[in-house]
Amino acid sequence: MGGDPYTQALVNTVKNSEISGLFNKIADILEIKNENPFRIRAYRKAALNIEGLPGDIEDVALKGKLGDIPGIGKDLAGKIQEYLSTGKINDYEKLRKEIPEGVLSLMNIPAIGPKKVWFFYKELGIDSLEKLEEAAKEHRLQKLPGIRQKTEENILKGIGFVKRSKGRTHLGIAWPLANAIVNALEGVDGVKELQAAGSLRRMKETIGDIDILVDSSKPDKVMDAFVSLPIVGEVLSKGATKSSIRTKDGLQVDIRVVKSKSWGAALAYFTGSKAHNIRLREMAMKKGLKISEYGVDKGGKRIAGKREEEIYDVLGLPFIPPEIREDTGEVEASLEGKLPDLVELKDIKGDFHLHTDWSDGVLSLKEMSEAVREKGYSFAAITDHTKSLVVARGVDEKRLLEQNKEIKKLNKKLKGIKIISGAEVNIMSDGTLDVSDKVLKELDWAIASIHSGFQQSKEKITWRILQAMKNPFIKAIAHPSGRLLGERDAYELDWDAVFNGARQTGTALEVNAYPQRLDINDIACRRAKELGIKVVINTDAHTRDQLNYMKLGVSVVRRGWLEPRDVLNTLPLEEFLKALRK
DNA sequence: GCCGTTTTCGGCCCGACTGTTTTCAGTCG
């Protein structure tokens, strides 16, 4: 395993999240114990920075560079070292004896924070979700001062939410929903501007909740319209400038109304990431400026805030696109004038992973071809499943050659679009492909992917992929990690070997834009770019609507800092085909 | 517990909303 930061991030950030998890737990306990809030914040900040570290913390520790991580001083560096060498942090072991694990877990319930957790534990000995639920149902909480019916109800609701919570929602669901909300509120009286912010605007692959920001002279109208939307399942709060609802599907949506003069500052603030905002605020402080969600102040005077660009302007920074606001080097790049010229949807000239009714797709060859032409692309590849994928009615070699002929005929008739005949070839569990070279040779484009044997060893699966890469007709590996967000983890893979293989054989890696896949992910994209490996963004569409997923794929590579030259889809056809010569 | 071209000590972000109060504490982002 090499020491490259991005590969490490992909395969081995286990220690990072273990340590950041422990620091957060320490912070929770200190909070419950009502300790110095700044000490608590120090732990939280350190946890955030460790979680967002682009490499393995063990490597950083080996180089003696722990102190270089923002928020890590002598004490916390010592605790990290202690954990890496002994697997434990002694101080934490002491703290957890004071506050049982079950008590800590109550912090996850909405409406419950450190004060109530401690209060319930101290007064009623409540140390688990179940005990709290029982106490609330028996109205025993109401016997305590400051707790009445409403609080008890909210606690029960919160427990219910935690119990059925499915965790984060993927972009494929959140993105259209946010758009629908924005569209529905656009026409409300007094609304000047309206936009989704938060992790959704940064296009993270999964999001916790949706944040909508509104510039309106009549906030009450916005609030009324918002809580009356048909998607609303429950109104969590409704105020003059801030409201929250939970949709019928359980997704929380927050809305916030600001004045025009604060629009830009609020947009920056609510877009985040938190780590990025902290960096900006720190820079501002050094310049004697103060950034808040309302604007930028200098000596108590407001000097910026109306437009988001102004926030970066006053700091002397070029505008940083939302997708890379993660404090993983974008501030430095901006300072040095080295921000990437990120790929845009309009740069995409084709889609190279499409299914038709020859296998498990819905559209005919002709319908799919016309659908891609409508998307404004000048070329596309049909890549139906091959024979061993029986569940998807994979095509055998004979049918594949027939389809190839059909496509040639179709190309003569169709105007404004060039269809490339291809296939999504199965990588069998023994590393062979289920289509012969003789047939692959007839195709313009073949991608290979794993659809079976997910449980094999890391070495075996890696080897299978490397075998496929060595085949001169395989131009790209489709959905390389095999993960399905919220459903299935990625199979185990030696990513160093996969990246090396891709580089040596000139094989591209796919960014599959299917919302459950988004595979390879943003971090891997950044790694690929560093190594000069090309990526190709494909929708894997089986229907007309799914062609729209391209937007999600583009957002993945944008988060991975990719520029048009890093992405095969941006090339004109001739150059595309030339780039494929292995 | 961290940090430093104002500082090695004394700062460190705070406003909105709810539910309980009768002027405010707790939670959240």
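Note that these values count all heavy atoms, side chains included, but never hydrogens, waters or copies made by symmetry. By convention in this document, chain letters (A, B, ...) are assigned in the order of the sequence lines, proteins followed by strands, and residues within each chain are numbered from 1.
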Check: [X]/[Y] side-chain N/O donor and acceptor closer than 3.5 Å:
X	Y	result
H170(A)	E205(A)	no
D254(A)	Q252(A)	yes
S273(A)	R325(A)	no

- Set of residues satisfying side-chain hydrogen bond (donor to acceptor under 3.5 Å, both in side chains) with respect to N277(A), sequence neighbours excluded: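 With sequence neighbours excluded, N277(A) shows a side-chain hydrogen bond (donor to acceptor under 3.5 Å, both in side chains) to no residue whatsoever.
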
- Results of side-chain hydrogen bond (donor to acceptor under 3.5 Å, both in side chains) for R246(A) - residues two or more places apart only: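 Expected list: none.
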
Can you check the distance between [N] and [M], where both ends of the measurement are the [atom1] atom (answer in whole Å)?
N	M	atom1	answer
dC28(B)	dT23(B)	P	26 Å
dT8(B)	dG4(B)	C1'	8 Å
dT7(B)	dG11(B)	P	14 Å
dT21(B)	dC12(B)	P	34 Å
dG29(B)	dT22(B)	P	28 Å
dT6(B)	dG10(B)	C1'	12 Å
dA16(B)	dC9(B)	P	37 Å
dC13(B)	dC3(B)	P	13 Å

Name the nucleic acid region contacted by [X], choosing base, sugar-phosphate or nothing; use a 4.0 angstrom heavy-atom cut-off, strictly under.
X	result
N154(A)	sugar-phosphate
R39(A)	base
Q149(A)	sugar-phosphate
I72(A)	sugar-phosphate

- Whether D519(A) side chain and S481(A) backbone form a donor-acceptor pair below 3.5 Å: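 Pair found, side chain donor or acceptor close to backbone of S481(A).
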
Name each donor-acceptor pair under 3.5 Å that joins a side chain in residues 551-561 of chain A to protein atoms two or more places apart or in another chain, with its distance.
from: S555(A); atom 1: OG; to: L552(A); atom 2: O; distance (Å): 2.6
from: R558(A); atom 1: NE; to: E323(A); atom 2: OE2; distance (Å): 2.7
from: R558(A); atom 1: NH1; to: V343(A); atom 2: O; distance (Å): 2.8
from: R558(A); atom 1: NH2; to: E323(A); atom 2: OE1; distance (Å): 3.4
from: R559(A); atom 1: NE; to: D522(A); atom 2: OD2; distance (Å): 3.0
from: R559(A); atom 1: NH1; to: R202(A); atom 2: O; distance (Å): 2.9
from: R559(A); atom 1: NH1; to: E323(A); atom 2: O; distance (Å): 3.4
from: R559(A); atom 1: NH1; to: E326(A); atom 2: OE2; distance (Å): 3.0
from: R559(A); atom 1: NH2; to: E326(A); atom 2: OE2; distance (Å): 3.2
from: R559(A); atom 1: NH2; to: D522(A); atom 2: OD2; distance (Å): 3.4

- Task: List for me each residue that meets salt bridge (charged side-chain N to carboxylate O under 4.0 Å, His left out) alongside R41(A), sequence neighbours excluded, and say none if there are none.
- Result: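 None.
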
- For D224(A), salt bridge (charged side-chain N to carboxylate O under 4.0 Å, His left out) partners two or more places apart: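 Scan of D224(A) (salt bridge (charged side-chain N to carboxylate O under 4.0 Å, His left out), adjacent residues dropped) gives K238(A).
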
- Message: Considering only residues two or more places apart or on different chains, which pairs with a residue in residues 69-88 of chain A satisfy salt bridge (Lys or Arg N to Asp or Glu O under 4.0 Å)?
- Response: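 For residues 69-88 of chain A: D75(A)-K79(A), K79(A)-D91(A).
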
Donor-acceptor contacts under 3.5 Å from residues 180-196 of chain A side chains, at least two apart:
from: N183(A); atom 1: ND2; to: N179(A); atom 2: O; distance (Å): 3.3
from: D189(A); atom 1: OD2; to: K218(A); atom 2: NZ; distance (Å): 2.9
from: K192(A); atom 1: NZ; to: S260(A); atom 2: OG; distance (Å): 3.2

- Message: Let me spell it out: for each of D254(A) and T241(A), pick the nucleotide of DNA chain B with the closest heavy atom. Which residue's pick is nearer the 5' end?
- Response: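 By nearest-heavy-atom nucleotide position, the 5'-most residue is T241(A).
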
- Message: If you assign each of K242(A) and D211(A) to its closest nucleotide in DNA chain B, which residue comes earlier from the 5' end?
- Response: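 Nearest nucleotide further toward 5': that of K242(A).
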
- Going 5' to 3' on DNA chain B, which nucleotide is the first and which the last to come under 4.0 Å of a heavy atom in chain A?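 So the outermost contacting nucleotides come out as dG1(B) to dC28(B).
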
- Task: Could you tell me how the ring of Y312(A) sits relative to the ring of H276(A): parallel (under 30°), tilted (30 to 60°) or perpendicular (over 60°)?
- Result: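 The rings of Y312(A) and H276(A) sit tilted, inter-plane angle from 30° to 60°.
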
Give, ordered by number, those residues of [range] having at least one heavy-atom distance below 4.0 Å to an atom of DNA chain B; if nothing qualifies, reply none.
range	value
residues 222-238 of chain A	S237(A), K238(A)
residues 263-293 of chain A	none
residues 106-117 of chain A	I109(A), P110(A), A111(A), I112(A), G113(A), P114(A), K115(A), K116(A)

- Message: Testing the basics here: between R526(A) and T328(A), what is the closest heavy-atom pair and its distance to 0.1 Å?
- Response: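 R526(A) and T328(A) have their closest heavy atoms at NH2-O, 2.9 Å.
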
- Message: Test: side chain to side chain donor-acceptor pair (under 3.5 Å). Region: residues 100-109 of chain A. Which pairs qualify, not counting sequence neighbours?
- Response: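 Every side chain to side chain donor-acceptor pair (under 3.5 Å) pair that includes a residue of residues 100-109 of chain A, provided the two are not neighbours, is K25(A)-E101(A).
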
- Any strand is fair game: report the nucleotide pairing with dG29(B) by Watson-Crick or G-U wobble, both distances under 3.5 Å, or none.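 In the structure as shown, dG29(B) has dC14(B) as its Watson-Crick or wobble partner.
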
- Query: Between K137(A) and E130(A), is the closest basic N to carboxylate O distance under 4.0 Å?
  - Reply: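 Salt bridge between E130(A) and K137(A), a charged N being under 4.0 Å from a carboxylate O: no.
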
